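Quick note: numbers below take in every heavy atom, side chains included, and nothing from hydrogens, waters or symmetry partners. Fair warning: this is a prediction, and the values are worked out from it, not measured in the lab.
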Amino acid sequence: MMKPADPLSRQHDIQFYPRPAQANHAFQFLATLTGISVQIFASKHRICVRYQIKEHTLQSIENQLKAAGFHLDESILSKIKRALIYYCEDIARSNLEIPEHNIKSRDVYVKVWDNHPHGDHDETPEELRRYL
């Protein structure tokens, strides 16, 4: 799976418990939701979803699928992958709420540094410095 070019865009596979036509029904269900594009791999019992992290998370999409009666793959590997994705998306969403750094405070220090005399500020006269 290739990473999307947009940093706020996510693309993940959702693996279903191998039941006939479950991926097809999930594809039709998710196609009705706004902000989610779906690609189906019915023979592999999975779908690929693409969405914006500001609008959806994988956890919310999977919760909607579970509420609609779909059965996801509950193998230990799938659970670990999901938990990691949930965590990463939660962190990404919380980072979106962090305000930009205040650049003005940095500019104050830059101006002070520009006005600060630089170089050797030893009060010892030049002739005594060469003597020692």
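Here the side chain of Gln52 pairs no donor or acceptor atom with the backbone of Gly35 at under 3.5 angstrom.
Rounding to the nearest 0.5 angstrom, the gap separating the OG1 atom in Thr57 from the CZ atom in Arg10 is 11.0 Å. Summarising the geometry, atom CZ belonging to Phe70 is positioned 11.0 Å from atom CD belonging to Gln64; distances are rounded to the nearest 0.5 Å. Atom CD in Gln39 sits 7.5 Å away from atom CD in Gln11 (nearest 0.5 Å). Atoms CZ and NE2, from Phe16 and His25 in turn, are 11.0 Å apart once rounded to the nearest 0.5 Å. Atom OH in Tyr86 sits 16.0 Å away from atom CD1 in Ile91 (nearest 0.5 Å). Rounding to the nearest 0.5 Å gives a distance of 11.0 Å between CG of Asp90 and CG of Asn95.
In the hydrophobic clustering of this structure, Leu30 does not group with Ile53; members are Ile, Leu, Val, Met, Phe, Trp, Tyr whose side-chain heavy atoms approach within less than 4.5 Å, directly or through other members.
Between Leu33 and Ile61 the shortest side-chain heavy-atom distance does not fall below 4.5 Å. Under the 4.5 Å side-chain criterion, counting only non-hydrogen atoms from C-beta, Tyr17 is not in contact with Asp73. Counting heavy atoms from C-beta on, the side chains of Leu58 and Ile14 come closer than 4.5 Å. Between His56 and Ile36 there is a side-chain heavy-atom pair separated by less than 4.5 Å.
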Run the side-chain donor-acceptor check on residues 41-49: report pairs under 3.5 Å with partners two or more places apart or on a different chain.
from  : atom 1 : to    : atom 2 : distance (Å)
Arg46 : NH1    : Asp13 : OD1    : 3.3
Arg46 : NH1    : Asp13 : OD2    : 2.9

Assess whether side-chain contact (heavy atoms from CB on, under 4.5 Å) is satisfied between Gln59 and Glu89, documenting all intermediate values.
-> CA-CA 9 Å; Gln59 187 172 16; Glu89 287 184 347; 5.7 Å; no

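Cluster partners of Ile76, using a side-chain heavy-atom cutoff of under 4.5 Å among ILVMFWY residues and allowing indirect links, are Ile80.
The number of heavy atoms from other shown groups lying within 6.0 Å of NZ (Lys66) is above 12.
Every residue two or more places apart in sequence or in another chain that forms a salt bridge (Lys or Arg N to Asp or Glu O under 4.0 Å) with Arg82 is listed here: Glu62, Glu74.
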